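First up is the structure itself, then whatever we jot down about it.
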There are 2 protein chains.
Amino acid sequence: MGAAPGLLTLTAAPAVGVARWATLAGRWRERIVAGDWPSGAAIPPETELAREAGVALGTARQALSALVSDGLLERVHGRGTFVTRGLAQASMLRFFRFGPADLPDTPGATPVPHSRILARRPVRASTEQARRLGLADGARVLRVRRMRLIDGRPVLLETLWLPLPLFEPLAVLAPTDWDDLLYPMYSRRCRVTIVRAADELSFGALDAAQARALGLEAQAPAVRVEREAFDLAGRCVELRTTLGDARAFRYRAEIR
Amino acid sequence: MGAAPGLLTLTAAPAVGVARWATLAGRWRERIVAGDWPSGAAIPPETELAREAGVALGTARQALSALVSDGLLERVHGRGTFVTRGLAQASMLRFFRFGPADLPDTPGATPVPHSRILARRPVRASTEQARRLGLADGARVLRVRRMRLIDGRPVLLETLWLPLPLFEPLAVLAPTDWDDLLYPMYSRRCRVTIVRAADELSFGALDAAQARALGLEAQAPAVRVEREAFDLAGRCVELRTTLGDARAFRYRAEIR
DNA sequence: AAGTGGTCTAGACCACTCT
DNA sequence: GAGTGGTCTAGACCACTTG
């Protein structure tokens, strides 16, 4: 049923009820996920893609647009279409304003805080963590604790959980060799591209040790950020919990 | 220079350096803002718009798409294209989870909290407020204080400032006649459509009176939400400050 | 000048909604 | 079945970037 309508089914998709551009987008998404089109590189020009796929230019463009709005591709007028290098500035400083009472949002002006790795070792994922990472119960993950500092002053405490076959290179990396920005480091050392993240914010209080580490009084009010970060394939590949002084918390949310 | 290239300049736009679809989008935006195409109503079909404007169908569709992503229009396959009725669910409950330890996000399931107007009277806008509302210094605004309750329990305290010629109908409305949802009420009583809002979140502590009103201990930790809301024309027409128990605070932010 | 993405045309046909 | 938006075609030309 739904047999080949013509001579060749090599080019366009036979899928029923699915727009041709959606089928194309899916096919090209696979090539990106597989690394066939590597991160940061240009993909073939629109005209060539359209010709290869046997569709009109407009149809190919619609497929590309879908991948752009999914954050997998970036178009640059006159230069080409590129596979995303992933998030660079998903900084937790989106949620906090440290330093001398900042002026209104000036991203880019804010310096990247220094990172100090406190501990990192393989552990068993909890049931909940395994579920969120899409792993088997009790799977091995790398647990990382780090502190983030601005001008030498501790401002954030973080704990991360990273699936372990995937992030093996980091399990053996000396704490002093870790970069301040993790996502570009994931990309370089583990071939993991972070495309999307979801942050869940809540309020709590610091315990004695946490407060001491951040130079605050015990029971100081704190904001907790629980992050899930996703790769090109849409898999959750990082869990992270960040703690910071609630009095430095400031965040702008747009509706619509 | 750059004079009319043909016989008639009645239809397409002569603007240089601006895409034709952008010009059309601007023209149609004006009709929406002016109320020429009223809120909630269907606009003429694409084919008619394209014919009127003297452009190809694809060009008209691109202009409409721009207005859709700006939140001014909504398309419904098979039915038509409609001017937005504005935000209905910009509820502050996006930021708080009250009641019996809610399950993961189930919007729509959360009930609309009841609204009790505590006070409303015309005042002079502060310099800062006037600036943000785009008004002259010391302009008249309606200041409204209200409490929001869930199952009769006070959970949020709000203060609003509304520009006064515009919101005059509310200045004389009996406190008991106010609706629980403000934005549909703005639309009905003042012909103001709220399309977009920006919320600035920060952390603080409740003073004695505020804590008493919310049934919390003095100095209880609080989250403060400072909102600016915008109408179809992109003008800021509402300032609002909301206070709630920080321990009920929970918010999910997506990156990219 | 060559190569890329962006805009635009003038059609055709399909999918959905309502009466 | 009539009317709407959604998809698709096969071209053309424009705007931007780079050698």
Side-chain angles (χ1 to χ4, degrees), chain A residues 2 5-6 8-9 11-28 32 37 40-70 72-84, chain B residues 2 5-9 11-28 32 37 40-84:
Chain A
L8 32 115
T9 51
T11 53
V16 291
V18 179
R20 211 173 306 204
W21 66 261
T23 308
L24 277 183
R27 191 188 305 171
W28 294 338
I32 294 168
W37 289 340
I43 69 173
E46 297 177 340
T47 49
E48 186 179 329
L49 290 173
R51 189 169 39 76
E52 270 182 15
V55 300
L57 187 57
T59 304
R61 282 180 56 79
Q62 195 163 352
L64 292 175
S65 294
L67 296 173
V68 167
S69 54
D70 281 358
L72 299 189
L73 291 179
E74 292 167 10
R75 302 168 102 150
V76 186
H77 192 176
R79 296 216 313 128
T81 304
F82 302 83
V83 178
T84 183
Chain B
L7 297 174
L8 32 114
T9 51
T11 53
V16 292
V18 178
R20 210 174 307 205
W21 65 261
T23 309
L24 277 183
R27 190 188 306 170
W28 294 338
I32 293 168
W37 289 341
I43 69 172
E46 299 177 337
T47 49
E48 186 180 328
L49 290 172
R51 188 168 39 76
E52 268 181 16
V55 300
L57 186 58
T59 304
R61 282 180 56 79
Q62 195 161 352
L64 292 175
S65 294
L67 296 174
V68 167
S69 55
D70 282 358
L72 298 190
L73 291 179
E74 293 167 8
R75 303 168 102 150
V76 185
H77 192 176
R79 297 214 314 127
T81 303
F82 303 83
V83 178
T84 183

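First the proteins, then the strands, lettered A, B, ... as listed; each starts at 1. On a predicted model such as this, the values are computed, not experimentally measured, just so you know.
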Please tabulate, one pair per line, each protein N/O and nucleotide N/O from nucleotides 2-6 of chain C that are separated by under 3.5 Å, including the distance.
unit_1: C:dG3; atom_1: N2; unit_2: A:G78; atom_2: O; d: 2.9
unit_1: C:dG5; atom_1: OP1; unit_2: A:T81; atom_2: N; d: 3.4
unit_1: C:dG5; atom_1: OP1; unit_2: A:T81; atom_2: OG1; d: 3.1
unit_1: C:dG5; atom_1: OP2; unit_2: A:E46; atom_2: N; d: 3.0
unit_1: C:dG5; atom_1: N2; unit_2: A:H77; atom_2: NE2; d: 3.2
unit_1: C:dG5; atom_1: N3; unit_2: A:H77; atom_2: NE2; d: 3.3
unit_1: C:dG6; atom_1: OP2; unit_2: A:R61; atom_2: NH1; d: 3.0
unit_1: C:dG6; atom_1: OP2; unit_2: A:R61; atom_2: NH2; d: 3.4
unit_1: C:dG6; atom_1: OP2; unit_2: A:R75; atom_2: NE; d: 3.1
unit_1: C:dG6; atom_1: OP2; unit_2: A:R75; atom_2: NH2; d: 3.4

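- Checking the phosphate oxygens (OP1, OP2) of C:dT9, a side-chain nitrogen or oxygen of B:T59 falls inside 4.0 Å.
- Following rounding to the nearest Å, B:F82 (CZ) and D:dT4 (P) show an atom-to-atom distance of 11 Å.
- Contacts of B:R75 classified as salt bridge (Lys or Arg N to Asp or Glu O under 4.0 Å), with partners at least two apart in sequence or in another chain: B:E46.
- Look at CG on B:L49: it is 17 Å from P on D:dG3, rounded to the nearest Å.
- Using a 4.5 Å heavy-atom cutoff, the side chains of B:I32 and B:L73 are in contact.
- Here B:E48 pairs with nothing under the salt bridge (Lys or Arg N to Asp or Glu O under 4.0 Å) rule; sequence neighbours left out.
- Side-chain contact between A:L64 and A:W28: present, with at least one pair of heavy atoms (C-beta onward) separated by less than 4.5 Å.
- Evaluated for a side-chain contact (heavy atoms from CB on, under 4.5 Å) with B:V83, the options B:L72, B:I43, B:L67 yield exactly one hit, B:I43.
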